[in-house]
Amino acid sequence: MQLLDGKALSKTIQKEIKTAVEKRLEEGKKRPHLAAILVGTDGASQTYVGHKVKMCKAVGFQSTLIQLANNTSQTELLEHIQKLNENTDIDGFIVQLPLPKHIDVPTITEAIDYQKDVDGFHPQNIGRMAQNLPCFLPATPAGILELLARHQVPTSGKECVVIGRSNIVGRPMSILLSRNASPGNCTVTLCHSRTQNLADYTRRADILVVALGKAEFITADMVKEGAVVVDVGITRVPDASRKRGYRLAGDVKFDEVAPKCSFITPVPGGVGPMTVTSLLLNTLRAAENRTQK
Ligand code: GUN
């Protein structure tokens, strides 16, 4: 069994990004600038956005965090988005999800200039992704592809099962792994909450990508011998023995599943760090696209 170590790979890629930023500055180009909008006080979202801002600093990007109250109206949020679209200093920006219930996510996603959509959620980017055209890829699936590529995990002709059909992870992952590309060329099945007899699918998978959000749901009996297992889940499970009162658990029962795998991602330290790194890569690319114009 080999670990798909996202923490280590992230560090390597972040060094590459830092070097690229230094080269840009030497050439008289601007520092890449990422903005993030956070609406409300969701604890996990605050942690994620805080981490994104911290990582910007680590690679030499400028960052701007716009924190808005939970009762911010959709109109106000759209005004902030419009300003960021028009601000020529901002190369890319994200609106952290989930948003409060009174805000319509598709309306927000479509309002973002797709050339600044470093989350890769705009329909223009999703459509281009499906057609294998240059675009911003959603950060989590892009990070998973990078993990597979840099560990030379074979994908061509493999049977892949993705669990979860979200716009952020599962659906784009299923499209990316089915593309005529490398990594890619898998035969993909997309499973979700209405799938019957889920284990019949998971047991067939050479590559199993789990993005369910249910702690330790995937057990050893659900996994094929020699499978590649990618665990996207990260759930806070109450744990009184920890100082912070919880531990982080993936969707996979790591201890019993890992011995059966050829490759597996740990939680934490697998997919999570790669997501942030992909966002940084997209932002660097957005800055370079804008420099070329
Ligand atoms: N919420 C969970 N994952 C993501 C992500 O990749 N981007 C944004 N904007 N929100 C998220």
Side-chain angles (χ1 to χ4, degrees), residues 6 10 13 34-56 61 63-68 70 72 74 77-78 80-81 84-85 90-101 103-114 116-126 129 135-147 162 164-173 175-176 209-214 230-236 248 250-251 265 267-268 270-286:
S10 287
I13 298 174
L34 174 73
I37 303 181
L38 175 62
V39 186
T41 53
D42 177 70
S45 290
Q46 281 181 328
T47 307
Y48 296 147
V49 172
H51 191 58
K52 288 170 185 177
V53 168
K54 197 172 131 202
M55 288 301 114
C56 278
F61 289 2
S63 65
T64 297
L65 174 58
I66 300 170
Q67 279 185 282
L68 303 174
N70 202 55
T72 302
Q74 180 162 309
L77 179 55
L78 287 169
H80 282 280
I81 290 171
L84 292 175
N85 284 341
I90 301 285
D91 297 296
F93 67 97
I94 65 163
V95 178
Q96 187 66 23
L97 303 177
L99 287 167
K101 288 206 166 42
I103 294 176
D104 181 56
V105 174
T107 303
I108 297 306
T109 306
E110 278 206 80
I112 298 171
D113 176 351
Y114 77 95
K116 292 190 175 188
D117 168 40
V118 286
D119 256 332
F121 295 166
H122 191 284
Q124 178 93 3
N125 281 316
I126 300 288
M129 172 189 72
C135 62
F136 293 119
L137 296 181
T140 301
I144 293 169
L145 286 190
E146 197 71 35
L147 261 182
V162 178
R165 57 182 157 182
S166 73
N167 288 337
I168 297 180
V169 184
R171 189 168 307 279
M173 193 73 250
I175 294 169
L176 286 166
V209 181
V210 194
L212 257 168
K214 286 191 185 170
V230 176
D231 187 351
V232 185
I234 187 150
T235 307
R236 292 178 177 189
L248 295 174
D251 287 348
T265 58
V267 177
V271 174
M274 291 304 295
T275 297
V276 183
T277 301
S278 299
L279 175 68
L280 298 174
L281 276 172
N282 278 350
T283 306
L284 177 63
R285 177 130 158 254

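Atoms within a ligand are numbered from 1 in the order they appear, just like the ligands themselves. FYI, the numbering just counts along the sequence from 1.
Arg165 is linked by a side chain to side chain contact (heavy atoms under 4.5 Å, CB included) to Arg171, Leu190, His192, Ser193, Arg194, counting only residues two or more places apart in sequence or in another chain. Taking the salt bridge (charged side-chain N to carboxylate O under 4.0 Å, His left out) definition, one finds that Asp91 meets it with Lys30, Arg290, sequence neighbours left out.
For residues 135-144, every residue pair satisfying the side-chain hydrogen bond (donor to acceptor under 3.5 Å, both in side chains) rule, not counting sequence neighbours, is listed here: Thr140-Thr275.
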- request: Report the C-alpha separation of Thr41 and Asn70 in whole Å, then their side-chain angles, then the decisive distance to 0.1 Å, and conclude whether the side-chain contact (heavy atoms from CB on, under 4.5 Å) test is met.
  value: CA-CA 7 Å; Thr41 53; Asn70 202 55; 5.5 Å; no

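A donor-acceptor pair is defined here as one N or O able to donate and one able to accept, closer than 3.5 Å; such a pair exists between the side chain of Asn282 and the backbone of Val118.
Inter-residue side-chain proximity for Ile66 and Leu84 is flagged as met; some heavy-atom pair is nearer than 4.5 Å.
Protein residues having at least one heavy atom under 4.0 Å from any atom of ligand 1 are Lys52, Val95, Gln96, Leu97, Asp119, Phe121, listed by chain and number.
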